[in-house]
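What you see is a predicted model; the values in this text were computed from it and never measured.
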Amino acid sequence: MSKTLHVKTGDKVMIISGKDKGKSGKVLAVSPKEGKVIVEGCNKVTKHVKPRRMGESGGIVKAEGALYACKVMPICPKCDKPTRVGHIIKDGKKMRVCKHAGCGATF
């Protein structure tokens, strides 16, 4: 099984399925081993946090939860649409390309 994903940390992505469908945000973290990503402002979960030091407050904290990478699509920086990712080799480097007709932007 391949351990590579079509999105990288820092990419702007749109969620294509689930309760947050249609929302977009920046990828904060990527876990290729699990096939999951964490997207800024999406898939909010509540965590119960214990105070670790004296004077530190605990409580219930809202944080972004991980979601499967197959549920997100990168947004092309040129045409500003969610797109599938193609690959080309340019000057010995593998680059990602937008698959929209007429766009072909690299990112």
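Its side chain within the 4.5 Å cluster rule, L28 clusters with I38 among the Ile, Leu, Val, Met, Phe, Trp and Tyr residues. Under a 4.5 Å side-chain heavy-atom criterion applied to ILVMFWY residues, the cluster that includes I88 comprises M95, V97 as well. Through ILVMFWY side-chain contacts below 4.5 Å, M54 is grouped with nothing and stands alone.
Annotation: side-chain contact (heavy atoms from CB on, under 4.5 Å) contacts of K23 (sequence neighbours excluded): D20, C42. Checked against side chain to side chain donor-acceptor pair (under 3.5 Å), T106 has no partners two or more places apart in sequence or in another chain. With sequence neighbours left out, T46 forms a side-chain contact (heavy atoms from CB on, under 4.5 Å) with I60, K62. Annotation: salt bridge (charged side-chain N to carboxylate O under 4.0 Å, His left out) contacts of R53 (sequence neighbours excluded): E56. Take H87 and apply the side-chain contact (heavy atoms from CB on, under 4.5 Å) test, not counting sequence neighbours, and it matches V85, K94, R96. In terms of the side-chain contact (heavy atoms from CB on, under 4.5 Å) criterion, residue partners of V27 (sequence neighbours excluded) are, by chain and number, D11, V13, V30, V37. The side chain to side chain donor-acceptor pair (under 3.5 Å) check on E40 picks up nothing, with sequence neighbours excluded.
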Output side-chain donor-acceptor pairs under 3.5 Å for residues 67-84, partner residues at least two apart or in another chain, one line each.
unit_1, atom_1, unit_2, atom_2, d
T83, OG1, K99, N, 3.2

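Taking both residues in full, the closest heavy atoms of G10 and K26 are given as O-CG, 3.7 Å, listed atom of the first, atom of the second, then distance.
With N43 contributing its side chain and G65 its backbone, the two residues share a donor-acceptor pair below 3.5 Å.
The CG atom of L5 sits 13.5 Å away from the NZ atom of K33 when rounded to the nearest 0.5 Å. A distance of 9.5 Å separates NZ in K8 from CZ in F107, rounded to the nearest 0.5 Å.
Within 6.0 Å of NZ in K44 there are more than 12 heavy atoms belonging to other residues, nucleotides or ligands. Shown here is K47, whose NZ atom has no more than 12 heavy atoms of other residues, nucleotides or ligands within 6.0 Å.
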